[in-house]
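Just so it is clear, the values below take in all heavy atoms, side chains as well, and ignore hydrogens, waters and symmetry mates. Order of the sequence lines fixes the chain letters, A, B, ..., with proteins taken first and strands second; residue numbering starts at 1 for each chain.
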Number of protein chains: 2
Amino acid sequence: MKVLSQTSKYGIRALLYMVSHPSGSEYMSIGEIAREIDLSFHFLTKIFRELTAKGILYSYRGPSGGIALAKPASEIMLVDIVFALEGKDYFDQCLLGLPGCGHAKPCPVHDFWKDVKHDIRVHLSGTSLQHLSEKIVSEEVRLLL
Amino acid sequence: MKVLSQTSKYGIRALLYMVSHPSGSEYMSIGEIAREIDLSFHFLTKIFRELTAKGILYSYRGPSGGIALAKPASEIMLVDIVFALEGKDYFDQCLLGLPGCGHAKPCPVHDFWKDVKHDIRVHLSGTSLQHLSEKIVSEEVRLLL
DNA sequence: CATTATTCAGACAATTTTATCCGAAATAAA
DNA sequence: TTTATTTCGGATAAAATTGTCTGAATAATG
């Protein structure tokens, strides 16, 4: 059941690490994040370039450079990250793959699937990085392998 | 949002076509099904071999051979097809990809995701081919591109 | 100015998924 | 008994996703 690509999974985990482990300085280096959450530096760099292009991160090159959130963590919702990395049509797809599945021409499981997607969307839209970071900091929950 | 592989999507659609278009004779040919729902004969053959191996279908070779449901359509649930084609660990995976995510060592979105998976599982376990076939036959719903 | 640390850009490779194809085996029908 | 039809098994190819690597651009610091 692969609801999110590896790219999104890594991206969300990396952003949560950033928020949960503020570095004191403005920017945090990609290398440090990759090391801490145990994933490929180069792959994470690619993901963060995308998030920078989509306006979720700022970046700054050179020594003491790195990346930083473009908005307060309380204003970045999971759905923003998913849309940035999976595309804005993320919630538009039919469970059975029928093109143009919708109210007018529904597939056999359309109504059910519409409800599931709605629930997921509501939850991802209502959950901020700040919110989840608090659960991580309080050790209610884990982020590492 | 790719919840089901192409394999599962095709498999479910093909089985629904079978149930909704009984052929009179005991077996229905894979070629006919592939033609009617507009997908690759060879790919569908591969999918059906798997469903036969998993006990969801019977098959019979030779002229007037083909495949047939191994049980009444009212007893084949969507979850059976998904388990057969995606694996029995289908509902075991963490949204963020953390290995061993569960009650003891949850990821930040574990509780939410557990509920979503439960809802999906309940629905797929409660929906039979017969049930959906009735919606198709009454043209409440479509199966073709 | 030289060195070092960092992101940026994109080529390349590996892996997985999806799709195509061919020949063999089975079996009904001519 | 021959021929036609069908599934079976697996090799191969194509496409998408995931992961690796190299060099360039940028900027702080000695």
Side-chain angles (χ1 to χ4, degrees), chain A residues 1-14 18 23 25-35 37-70 82 85-87 89-90 93 96-97, chain B residues 1-14 18 23 25-35 37-70 82 85-87 89-90 93 96-97:
Chain A
M1 192 180 207
K2 190 161 142 186
V3 173
L4 295 178
S5 63
Q6 283 291 47
T7 295
S8 292
K9 292 176 185 173
Y10 290 164
I12 291 171
R13 282 216 297 136
M18 281 180 68
S23 67
S25 58
E26 187 178 359
Y27 294 99
M28 176 175 282
S29 87
I30 299 175
E32 178 193 337
I33 299 169
R35 197 178 331 109
I37 68 176
D38 198 49
L39 55 83
S40 150
F41 163 69
H42 286 103
F43 198 23
L44 184 56
T45 294
K46 192 182 283 188
I47 295 168
F48 276 165
R49 285 204 310 259
E50 188 63 26
L51 291 175
T52 300
K54 290 278 167 56
I56 290 176
L57 295 176
Y58 285 142
S59 68
Y60 199 83
R61 291 200 266 196
S64 82
I67 55 165
L69 297 185
V82 171
L85 296 176
E86 306 270 349
D89 63 343
Y90 180 69
Q93 294 161 37
L96 299 185
Chain B
M1 190 181 209
K2 190 163 143 187
V3 173
L4 296 178
S5 64
Q6 283 291 48
T7 295
S8 292
K9 291 176 186 174
Y10 291 163
I12 291 171
R13 284 216 294 137
M18 282 179 69
S23 67
S25 58
E26 188 178 358
Y27 294 99
M28 176 175 283
S29 87
I30 299 175
E32 178 193 337
I33 299 169
R35 197 179 330 110
I37 67 177
D38 198 49
L39 55 84
S40 151
F41 163 69
H42 286 103
F43 198 23
L44 183 58
T45 293
K46 190 180 285 185
I47 295 168
F48 276 166
R49 284 203 310 260
E50 188 64 25
L51 291 174
T52 300
K54 291 279 167 57
I56 290 176
L57 294 176
Y58 285 144
S59 69
Y60 199 84
R61 292 199 267 195
S64 80
I67 54 165
L69 297 185
V82 170
L85 297 176
E86 306 270 348
D89 63 343
Y90 180 70
Q93 293 162 37
L96 299 185

Quick one: do B/Glu50 and B/Lys54 make a salt bridge, cutoff under 4.0 Å?
yes
Atom CD1 in A/Ile37, atom CE in A/Met18: separation rounded to 0.5 Å?
10.5 Å
Under 3.5 Å: donor-acceptor pair, side chain of A/Glu86, backbone of A/Ser5:
yes
How many angstroms lie between CD1 in A/Ile67 and CD in A/Glu32, if you round to the nearest 0.5 Å?
10.0 Å
For every nucleotide of nucleotides 20-30 of chain C, 5' to 3': is a protein heavy atom under 4.0 Å from its base (B), only from its sugar-phosphate (S), or from neither (-)?
BBB--BBBB--
What is the distance, to the nearest angstrom, from the CD1 atom on A/Ile47 to the C1' atom on C/dC8?
15 Å
Between atom CG of A/Leu85 and atom OH of A/Tyr90, what is the distance when rounded to the nearest 0.5 Å?
11.0 Å
With a 4.5 Å limit on heavy-atom distance, are the side chains of B/Thr52 and B/Tyr58 in contact?
no
Terminal contacting nucleotides, 5' and 3', DNA chain D versus chain B (heavy atom, 4.0 Å):
D/dA4 to D/dA11
What is the distance, to the nearest angstrom, from the CD1 atom on A/Ile56 to the C1' atom on C/dT7?
18 Å
Rounded to the nearest angstrom, tell me the gap between atom CD in A/Glu32 and atom C1' in C/dA5.
14 Å
Rounded off to whole Å, could you give me the CD1-to-C1' distance for the A/Ile33 and C/dT7 pair?
12 Å
Side-chain contact, heavy-atom cut-off 4.5 Å: B/Leu44 with B/Phe48?
yes
Closest-nucleotide mapping onto DNA chain D: is A/Tyr10 or B/Gly66 further toward the 5' terminus? I mean the 5' end.
B/Gly66
Check every strand shown and say whether A/Lys2 touches a base, only sugar-phosphate, or nothing at a heavy-atom separation below 4.0 Å.
sugar-phosphate
Could you state the atom-to-atom distance from CD of B/Glu50 to P of C/dT18 in whole Å?
14 Å
Which word best sums up how the rings of B/Tyr60 and B/Tyr27 line up, parallel for under 30°, tilted for 30 to 60°, or perpendicular for over 60°?
parallel
